[in-house]
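Down below is the structure, laid out as structure tokens.
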Amino acid sequence: MADIPQLIDFSAAALDDAFASLRAEIKHAVAEPGFDADAFRLEWLGRKQGRLKQIGDAWLKTAPAEAKKLLGQRFNLLKEDIESAFSAAESGSAKSTSGTLDPTLPGASQRLGAEHPLIRTSAEIVSVFQRLGYSVALGPEVETDFYNFESLNFPPNHPARDTQDTLVLADQQSKPENARLLMRTHTSPVQIRSMLEQAPPLRLVIPGKVHRNEAADATHSPVFHQVEGLCVDTHITFSDLKGTLDHAMKALFGSSVKTRFFPSFFPFTEPSADVQISCIFCGGKGCRKCKHSGWIELLGCGMVDAAVFHAVNQRRIELGREPVYDTEKISGFAFGMGVDRIAMMKYGISDIGLLYSGDMRFLEQFA
Ligand code: DAH
């Protein structure tokens with residue numbers, strides 16, 4: 001048993017010194033290679049012969065009455081410190097059953113995480129456009145009615161504005177309609193946010209999470225993901241849109257994939273189109289996946305509607321910025337696609353819910 005340190009001066013400062021050197025001694029013992037937890041416990045914390053007990057008895061015996069309280073407090077703190085250093089040392093070291101460190105045992109291994117299939121797919125789509133010179137823009141998931149709908153030329157009674165589809169935040173009734181908060185139903189509001197911040201020319205891809213008030217089933221989820229695109233410059237035509245998307249679909253699904261464009265409607269593009277790709281499962285011959293049509297509908301697109309540029313200019317003026325989206329000089333196209341559907345097609349996933357369940361048996365397949 002080591003000697004019991006003598007204590008003559010019982011001032012608070014002297015006590016602090018004495019306890020600091022006890023702490024150092026303990027720290028040293030715990031960090032010793034081959035630290036033996038059981039032996040340490042017996043030597044330091046044993047109730048009759050333990051060093052702490054002996055030091056405590058010796059110091060309390062000689063301490064003047066007014067120092068006993070100071071001593072007691074410091075002993076309690078020290079005991080707590082020892083307990084926590086002790087349990088940290090116990091849980092941190094790989095130990096054999098006898099309690100001594102066995103360096104031949106394998107260390108505690110940390111399993112590597114893997115990219116979620118949705119993030120991976122989204123990043124893949126984004127990188128196709130980055131290689132064409134597009135930059136990435138992001139926006140908030142909680143949006144105002146102005147950005148999500150009004151500035152995108154949604155008439156007041158458009159079905160997508162309907163509270164059936166849109167998750168609105170509570171307690172917004174006292175605000176003017178266009179200031180009310182909602183969960184964005186698409187990534188298109190980031191088109192507006194970007195044009196308020198930047199002057200043309202503009203080439204942007206906008207990945208993100210969107211929300212709709214929809215019942216979940218094998219192909220619907222109230223939370224899903226989109227990648228939006230926006231290109232604004234001089235002399236941008238529908239041919240540019242077709243060429244860009246045809247290239248993107250070939251880059252994503254293989255060079256033999258064909259695209260075709262059907263007239264469609266979106267309030268913020270005119271003309272608008274739905275884009276179909278030749279079925280990646282049957283090569284266009286017709287199968288169950290494409291409902292025997294040979295084609296799969298994949299995204300919406302169109303030429304940016306003049307009303308959108310006007311809304312942007314209007315808001316830029318309100319913000320004290322130049323209304324630089326002059327429809328006499330510039331034009332643009334936009335597109336939006338669902339990441340979840342593309343991921344499901346690429347990886348053969350039949351239930352969208354698997355992408356949100358956090359089930360490791362599913363996710364591990366993508367590691
Ligand atoms: N925002 C549309 C939706 O969620 C998708 C879309 C269609 C985006 C056409 C576009 C576009 O940018 O031009 O249904």
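As the structure lists them, so they are numbered: ligands from 1, and atoms in each ligand from 1.
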Determine all donor-acceptor pairs shorter than 3.5 Å in which one atom belongs to a side chain in residues 303-310; sequence neighbours excluded.
unit_1: D305; atom_1: OD1; unit_2: A307; atom_2: N; d: 2.9
unit_1: H310; atom_1: ND1; unit_2: A306; atom_2: O; d: 3.3

Under 3.5 Å, N/O to N/O: give me all the pairs between ligand 1 and the protein, one per line with atom names and distance.
unit_1: ligand 1; atom_1: 1 (N); unit_2: H186; atom_2: ND1; d: 2.9
unit_1: ligand 1; atom_1: 1 (N); unit_2: S188; atom_2: OG; d: 3.0
unit_1: ligand 1; atom_1: 4 (O); unit_2: R212; atom_2: NH2; d: 3.0
unit_1: ligand 1; atom_1: 4 (O); unit_2: Q226; atom_2: NE2; d: 2.9
unit_1: ligand 1; atom_1: 12 (O); unit_2: Q191; atom_2: NE2; d: 3.2
unit_1: ligand 1; atom_1: 12 (O); unit_2: E228; atom_2: OE2; d: 2.6
unit_1: ligand 1; atom_1: 12 (O); unit_2: F335; atom_2: N; d: 3.3
unit_1: ligand 1; atom_1: 12 (O); unit_2: F335; atom_2: O; d: 3.2
unit_1: ligand 1; atom_1: 13 (O); unit_2: A334; atom_2: O; d: 3.1

**Salt bridge present between R193 and E143 (N-O < 4.0 angstrom)** = yes
**Request:** Could you tell me whether the side chain of C301 reaches within less than 4.5 Å of the side chain of F261, counting heavy atoms only?
**Result:** yes
**Message:** Parallel, tilted or perpendicular: which one describes the rings of H225 and Y356, with boundaries at 30° and 60°?
**Reply:** parallel
**Asked** Are the side chain of W59 and the backbone of F10 linked by a donor-acceptor contact shorter than 3.5 Å?
**Response** no
**Asked** Would you say the side-chain atoms of H211 and E141 include a donor-acceptor pair closer than 3.5 Å?
**Response** yes
